[in-house]
Each structure stands twice: as structure tokens, then as C-alpha cells.
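For reference, the structure discussed in these notes is given below.
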Amino acid sequence: TDPALIRNFCIIAHIDHGKSTLADRMLQITGVVDDRSMRAQYLDRMDIERERGITIKSQAVRLPWDGHVLNMIDTPGHVDFTYEVSRSLQACEGAILLVDAAQGIEAQTLANLYLAMNADLNIIPVLNKIDLPAAQPEKFAEELAGLIGCDPSDVLRVSGKTGEGVRELLDHVVRTIPAPVGEADAAARALIFDSVYDTYRGVVTYVRVVDGHLGKRERILMMSTSATHETLEIGVISPEPKPADLGLGVGEVGYLITGVKDVRQSRVGDTVTSATKPAGEMLAGYEHPKPMVFSGLYPIDGDEYPELREALDKLQLNDAALVYEPETSAALGFGFRVGFLGLLHMEIVRERLEREFGLSLISTAPNVIYQVVMEDGKEFTVTNPSEFPAGGKIATVREPITKSTILAPSEFIGAIMEICQGRRGQLLGMDYLSEDRVEIRYTLPLGEIIFDFFDQLKSRTRGYASLDYEPAGEQEADLVKVDILLQGEPVDAFSAIVHKDKAYTYGVDMAKKLRELIPRQQFEVPIQAAIGARVIARENIRAIRKDVLAKCYGGDISRKRKLLEKQKEGKKRMKMVGRVEVPQEAFVAALSTD
Ligand code: GTP
């Protein structure tokens, strides 16, 4: 294809503002998917994506429109997947900035807009969902125009649901987004912006060709690893993979298959070139995603440890951001310490492990990474709270901090500030986006956000606040380890690192929560919270002689069986810690809000 006829663009938006729905309409209007095969969220191919209505992996699809070739890249909107967004942006010249006409600008609208501006993209501001009775297009067109510095009349209005305005939007893309520029005769250079493992085809690598040409049956070179492969298949997605025998030229977006089995051999951000005529210089790559949140994952049934390892190995083929290493817990046995990009990433990985690999898992409460320096100068990184040195010879502890942005109606300013202050936040600034909507910026420790911060924020603002955060380095903090003891024995999986001023309240709350969560056993179970050797809270679970069958007066055998089955069911998520049966909920008790 003549590069002058190509337009590469992405859609960026806050979560739920309607990217996938708009993408669906574009597929339909351009005739790529006929009405009969259309289904909602066409591009969200994973079950979890469809069930949760969220996009996790980016998708690229080629749309013919008015004599042009449009390559649309659908991007995820959630904060955990920002790294996916930034890679997709590198493959585009323009971005549709989509805003829900009933909600207005939200935290991720801003975050994504800044990413797009950094990547020098041409921005098309668009209000979506104008069919909603609650839509306020005038108000939000003004807000959006104010944000990007254009006239409110330049803000397009569409409905991804009804299709209104979508043709005009496609025309606008052709008119205003620049065609890609590259050197057709130069050595081939293509940017890998995604890499997906497929059971049948191996790794499918998504590329954007910048210079030159990539063909079928060509020996290619991955520039960062110097590995060479042969392209077994090369093509475009429209909406299913279509082999392109002529290969891909300047500005084109498509996929290639080389038969490799591990996404790490086809790394996102790497440059693909020809092995026989290699390019001199790599394209500017992406930063490798760094895990921010860690948690322990243990099989409930210890015999399933090898299966868990195998499942993690397989999942990593498809998720380069997933990291893990084996660990042993005195309480939970053999398992893994797993690093995630954020809480949603954590939930998704866990759900996929259980669902796709049939495992039953116990997970521990998430924590961040700490840098500890001892008085003797020794320095180490703590990814598991139980490895945190118990007081004594610690010189300094550093914890990760974030720059957080909260958007909300201005009536909630007081409530938001109270929550942030209570979490060691430092106010950075505040701006009014319109008369009644405000953007508040705080520095907040990441460790304070990963617990119930978002839930608190939502409940104190009746769901109106949105949050975005980005890593902003580390800071020193006065942190201590709080241990929990059952029957006098510390349970490593319950240890947490908490700010000194909150340690006492934390210990008292945890002991109380655990007393409620751990069922009564045949013997008494004392619960203690301690900092080092100092016990700061105590609770007691009284013993019972539990005979559930005593509840079934008479001889109704089916009822008895049901009760027994129910009891068995309830036991599934129990783990023996010493002699005490502990339910999964207890291991994540620190996460729940009172
Ligand atoms: P993520 O993929 O999770 O980032 O979400 P998304 O931005 O792709 O949102 P999605 O397309 O899943 O839409 C979110 C919700 O808004 C869904 O319930 C859609 O049915 C609804 N929706 C999307 N577009 C429109 C629209 O134009 N009008 C109306 N009334 N509803 C819409």
C-alpha cells in the first residue's frame, strides 16, 4: 500500500467511556465485519475481557475507508495497563481522545492524553454516547476544548452505540491524521508493539513497519537479542488474520509468525530488521514494564505445586509483565512470590490461573517493594513482608511513592483531602476543570493506595471520583513490621509492613478481623499482633465442639448430605496453618474496609 493512503490511529479513553463499542461500530461501518457475524466487543478476544467488559490486550485492525487504509489500534484503559497504551501509541500518528458525554474528563482521560502528546500524536477530541439522555455535550465540549486548546466546535460528537457521527469521524481521521513517513528503500525496521502467545500458532508478533519492507520466508533479526528467525507467515488483521503474500511496507501495521514459543523471544519494544540486510540503528524502544505489587500464591493442595509452576510458565509466555520466583512459607508451604503491574493485573492473573489451569489458590495480601539499609551499611530489597528485618539495626527504609491525580465534583474536595491526608499524602496542587469539577494532585505512598484506597475514594464520593497514579520514585519512611501469631506461633503469610503511627491500630484491627474470619475450632486459638517481641493486641477464638449434624433433628438423610456437602464446599478454600484451619479471606483481611 502507498504510505500516503495509510492512517494509523488509536482510541484512548478513560475506562468505560466506550472505546470497544466505538471500535465495534467502525468494524461494521467499514464492512470489515458483516452485521450477521457482529458481536459486542469484537476485538476483546479473551473470555475475561468479555465478561468483565474490559480490554486487557491491545488489538490492531485494518479498516478500508474511502480509498484509504486505516489501522486502528484499540487500547486498554485501566491504570495497570498504561504500558500497553504507551506502546500502541508508538505505532500511530494520531489518536482519538474519546470522552463520555455524560461523564466528562476523568483521570485516565488526562493520563492517556499526556501519553499521546508525549508521543507527538495528532489528537482528535470526540464526545461519545451523545444518545444518552444524561449527555451534556455543550458543557463537556467546552471542558475538552479547554484541556487541549481548541475550539468547542472542533470537538466531534458520536454515539458508538447507534453509530451516529461515526462516518464523519472516519472521514475526519483520513483528513487530519498525517500519513506515515519512512524510507521505502532503506533496511527494514519494524517496531514490535505487542506479542501474544497462541496455543496453535506460537507467538504472534504485532509490528508497525517504519522503514523498508518485511516479507514472507525472510530471515529476520530481533535487534535487542540478535536472535534470528524465519517469517513463516506475515499479514494483516481485518478482523481475523489474513496472510499478505506481498509482505508489509512502510507505515503498515500487521503481524508475523516465526514459530517461536515464548513472548520473551519476541519482545515488545524491540526492532525487527532483515537478517541479510540489517539496519544500523534500533528504533526507540519502550521501557520494560516494572512490577509494582507483589503477592504470594500458594496451591491449597500442596501436591499442586508443580502444576502451579507450569501454569505460571505458560502464562508468562503470554504476559511479559508477569514475574515470579519460588518461595517457601512456614504457614503455607511451597509457592511463589509473584510481581504484578497493579491490583487489576493481580486479580486477572489469579483468575486466569484458576480458570484456565483449574488450580485452587491461596493468595496473600499484596505489598510493595521496600529498600532497606541496615546500620552496618548492608542493603537489600524486600518483596515479602515476612523478610523485613524485625526492628533493631535498620538505618533507613525507602518505599515507592506515586504522583496521583483524582478528578471529582468539587463538593467532594473535603472528603478527598481527608482520605489522602490520612494516607500520608502530600498535596501537590488543585485545578478546576470547570465550575464544579476539580483535579486534585497528591504524592501518595504506593503502599497506601494498594489497600482499600480506591474503594474508600469511591464510597466517600458516591462513585464520582476517578483516580490515576504513576510511579514517582521512592521516599524514606518510618515503617515497621507487624506480625500476627496464632497459638503463639508467628504466621509469616500474615506479616505486613505498616507506618509506625498506624501500626497499633493496624494490629488491633487485624486481630479483630481474624477472630471473626477464622472459624471456631475444637480448641482455643489465641491471636496476637506484635511488633518485634512486643505484643500490641490480643484476641481469642473460643473452642467449640461442632457437630453440624446435631442441627438436623430427625432422620432426613438428603438434608444431612446437603449439609455435609455444603460444609465440604466451604472447606475448599481453607488452609491448615499449624493445627488451625484458616480460610482464604483471612490472608487478605488487611484489604477489606470496615
Ligand atoms: P474498556 O475496554 O474497559 O476500557 O472500556 P471501553 O472504553 O471499551 O468501554 P465499552 O465500549 O466496553 O463501553 C462501556 C459501556 O458503555 C458499555 O456498557 C457500553 O454498552 C456503553 N456504551 C458505549 N458506547 C455507548 C454509546 O455511544 N451510547 C450509550 N448509550 N452507551 C454506550
Side-chain angles (χ1 to χ4, degrees), residues 9-29 33 38-61 63 72-89 95-113 115-116 124-137 140-141 144 155-170 172 194 196 239 341-345 347-348 351-352 407 454 458 463-464 466-468:
F9 71 99
C10 55
I11 308 176
I12 52 177
H14 187 74
I15 192 158
D16 282 344
H17 280 203
K19 283 187 310 289
S20 302
T21 309
L22 178 62
D24 285 349
R25 277 308 75 62
M26 288 181 168
L27 289 175
Q28 226 172 354
I29 287 174
V33 179
M38 195 64 209
R39 54 166 200 260
Q41 286 187 286
Y42 194 92
L43 295 174
D44 288 347
R45 292 172 210 256
M46 281 198 268
D47 282 350
I48 296 188
E49 291 184 309
R50 304 172 65 81
E51 275 166 31
R52 293 184 170 221
I54 54 168
T55 305
I56 298 165
K57 301 296 286 186
S58 305
Q59 290 286 346
V61 61
L63 311 168
M72 175 184 65
I73 295 172
D74 186 30
T75 60
H78 191 275
V79 51
D80 283 11
F81 302 105
T82 301
Y83 84 105
E84 291 260 353
V85 181
S86 57
R87 337 161 158 169
S88 310
L89 296 181
I96 293 176
L97 179 66
L98 197 66
V99 171
D100 186 326
Q103 307 284 332
I105 295 166
E106 302 273 11
Q108 269 98 52
T109 316
L110 290 181
N112 289 326
L113 171 64
L115 290 174
I124 303 179
V126 179
L127 287 176
N128 188 29
K129 309 195 190 182
I130 52 163
D131 61 290
L132 284 177
Q136 295 176 273
F140 292 125
L144 199 48
V155 177
L156 275 67
R157 298 169 186 197
V158 307
S159 164
K161 188 171 171 190
T162 66
E164 190 183 342
V166 178
R167 287 169 182 279
E168 290 76 1
L169 174 57
L170 290 167
H172 200 80
D194 203 2
V196 184
L341 298 168
L343 293 183
L344 181 64
H345 187 214
E347 253 181 68
I348 287 166
E351 201 172 315
R352 291 185 66 184
L407 265 69
F454 194 56
K458 282 281 177 197
Y464 279 114
S466 61
L467 165 75
D468 188 73

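Numbering of ligands and ligand atoms starts at 1, following listing order. Fair warning: this is a prediction, and the values are worked out from it, not measured in the lab.
Proximity of Lys129 to ligand 1, defined as any heavy-atom pair under 4.0 Å, is shared by backbone and side chain alike. Using a 4.0 Å cut-off between heavy atoms, Asp131 contacts ligand 1 through its side chain alone, with no backbone atom that close. Proximity of Leu22 to ligand 1, defined as any heavy-atom pair under 4.0 Å, is not found for any part of the residue.
Of the N or O atoms in Leu132, none lie within a sub-3.5 Å distance of an N or O in ligand 1. An N or O contact shorter than 3.5 Å links Gly160 to ligand 1 by distance.
For Gln28, the side chain to side chain donor-acceptor pair (under 3.5 Å) partners at least two apart in sequence or on another chain are Arg25, Asp35.
Numbered from 1 in the order shown, with element, the atoms of ligand 1 that lie under 4.0 Å from a heavy atom of Ser20 read 2 (O), 6 (P), 8 (O), 11 (O).
In this structure, Lys458 places its NZ atom where more than 12 heavy-atom neighbours from other residues, nucleotides or ligands lie under 6.0 Å away.
Of all heavy-atom pairs between Ala116 and Ala95, the closest is CB-CB, 4.4 Å.
Between Ile11 and Val126 there is no side-chain heavy-atom pair separated by less than 4.5 Å.
In this structure, NZ in Lys19 is found 8.0 Å from CG in Leu98, a value given to the nearest 0.5 Å.
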